[in-house]
Each structure stands twice: as C-alpha cells, then as structure tokens.
Amino acid sequence: MSSTLQATWLRDDDRRPPDNFILEVVQRGLAARPKRLPSWLFYDERGSELFVAICEQPEYYLTRCEIALMRAHGAEIAAALGPDVRLVEYGSGHAIKTDLLLEHLASPVAYVPVEISPEPLRQSVQRLGERFPDVAMQPLCADFTRALRLPIAPRATRRTVIYFPGSTIGNFEAADAAVLLRKMRAEMGESGGILIGVDLKKDTALLEAAYNDAAGVTAEFTLNMLAHVNRAIGSDFDLRRFRHRARYNPMAGRIETHILSSEDQVVRVGRQQVRFRENEAMQVEYSCKYSLEDFAALAHRAGLAVRETWLDPERMFSVQYLVRA
Ligand code: AVI
C-alpha cells in the first residue's frame, strides 16, 4: 500500500488567527496588570525557525533528552501502545521524534499530525510518507487546543493514541493543562491513550541555562514576538529597547519568561499609546516543570491515570503513557 495523503488542511490565512483578533489579544494583554502576552504569539514563520534552532542549543536539554529516551525505549513504548494504533500528534511541527515511535509500532493504522503551520506540516508528511509508505498520512492543519474533527481512519483501529511530545503541556498553566488533557481524553475515546513528554523539576542552574542559551537564540525567539506583533497589527515596538529574561520560580515550579522594557517608553498599538516604565516586565511564557507525583495529580484531575513512565538515561525528562482512570 502506498502512503495516502488526505489534504485536509485549508489555506494558511483560513487557519491562522486574523490580525484583528491579534490586535484585540495584544490590547487586552497590555491593559492587564502586570502586562502579559500569550506565548502562541512567538510562532510566526521566523519564530518557528528560531524554535528549531533552540532545540539544537547545547543548553536546551529537553530535545536531546527526549530523543535519547525515545532511542532507548522506543520499542518498549510501542509495545505498551500495542498494534493497529491510530497515532494523532498534537502540534507536530517538523515531527522530529515521530520516526522513533513509528519505526517500532506494529501495523499502525494512520498518522494524523495536527499542526497550525502548513509548511512544516507539508514537509513532515512528505518525509514520513516516504519513510513509512505503509502508514496512511492524514494531516490536519488546525489548532490542537480547539475541538478537532479527526479524519476517518482508513481501516479498523484498535486504539487512538494522542502523541504530545516536547513538554508543550508545560506551556499551559495547571488549570488550562487539565482542560487540554480532558479534551484529549474525549478525543482518544474509551480505549485510547495519551503519550506525553513531560519535563521534570531539576537544579535551577540547569533549568535557567536552558532558557538563556549562550548564543542568544532564546532571547531572539522571545523578542521576535514583538516583531511578529508589529507585522500583524502595525504596532511600533522597537526591539532594541526591550530584552529577554527567563527565571525559574521554584515555588510555582516553572520557568517564567518576561520581556523587559530597557527604558521608559511609549509604544503605539492600534489607536492606543501604551506606556512602559524602565525595567517593567511583561510576562510572555511559562514553562512548567513537574515531579512525577505532580504530573500524576494533574492527570488525575483530568480523569486520567499514568500507566507507564519512561526516563532518559540522565533522568531529566519523562515520557508518560496515560489512559482513562
Ligand atoms: C514549546 N515549549 C515546550 C518550549 C519550552 O521549553 O517551554 C518553548 C520554549 N520557550 C523557550 N525555549 C523553548
């Protein structure tokens, strides 16, 4: 059987948030005290490229450790998922870890990458379709935080497994993470499962280094949010007058990323003039870190139970298999 490619995505502009929506979100965020902007604003085309570059930085252990884990335990993980699985990957991007799972799965029914950016989606489906010609490729260009209409599977499926690697769950605050896990629970159905990458609590210096790489890629990624906003809504943030800061908050168990104003300044946003004071911090991302117990409690809130956990050899990162409690 050759790879079936169901073109279920619409044009880029139909899926990305329209600029007037971005204007509303930015104005609301700048009116909040303290100011805050949502982290999805990082991901324009340049932001997605910079995120790929972050994953290659030596300090950003998350990708390296998750890949090492998948290399060490891929066969065991695939065995836990079982045969005839339909694999649905949330926020698949370039799907760099997916090979390490697909190569071990027994007769997978289909691979459904869910990704909002059409270009990485197209490229990953092309690459994986060539590498796994017997697996039906059913890409879905969509925002995985919204209700999904999954394509009809090409044959009988034993279980739907939602794959959510990269510790992206850490970018959601606990209440929102529980809501997202509940949504996944509904989408996977009675016999389904969730295979999820979860970054673990560790030494503050290691955590802070990962979000303050020496080459300055993360700082550029953070400030690119302002360039994205300028392009989308015609605001006039001057990137040279802001800087990146990422610190670990041990009480909350998360890296908190802020954009700091280097001086007293006024920025035009739509018809509004927004004042920033010197050193004023605008919150742009949380990256939550979990102990195994913390994450089991979060899963429990969403009606899920941890069936199995795998760790990388350095025990920095976990991949967990969740099923209905
Ligand atoms: C996508 N997400 C899991 C990354 C993280 O580690 O929170 C995003 C990121 N932000 C800065 N560096 C990486």
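Computed over heavy atoms, backbone and side chain alike; hydrogens, waters and symmetry mates excluded. Just follow the structure's listing: the first ligand is 1, and inside any ligand the first atom is 1.
A heavy-atom distance below 4.5 Å is not found between the side chains of L101 and D99.
The 4.0 Å heavy-atom shell around ligand 1 contains residues Y43, F51, I54, Y60, G166, S167, T168, N171, Y211, T218, F221, E285, S287, ordered by chain and number.
F242 and F276 have their aromatic ring centers within a separation under 6.0 angstrom.
Summarising the hydrophobic clusters (Ile, Leu, Val, Met, Phe, Trp, Tyr; side-chain heavy atoms under 4.5 Å, direct or chained), the residues clustered with V179 are none. Other cluster members for L292: L200, L311, joined by side-chain heavy-atom distances under 4.5 Å among Ile, Leu, Val, Met, Phe, Trp and Tyr.
Ring geometry for F51 against F221 counts as tilted: the plane angle lies between 30° and 60°, on a 0 to 90° scale.
Residues in residues 218-234 take part in these salt bridge (Lys or Arg N to Asp or Glu O under 4.0 Å) pairs, two or more places apart or across chains: D44-R231, R46-E220.
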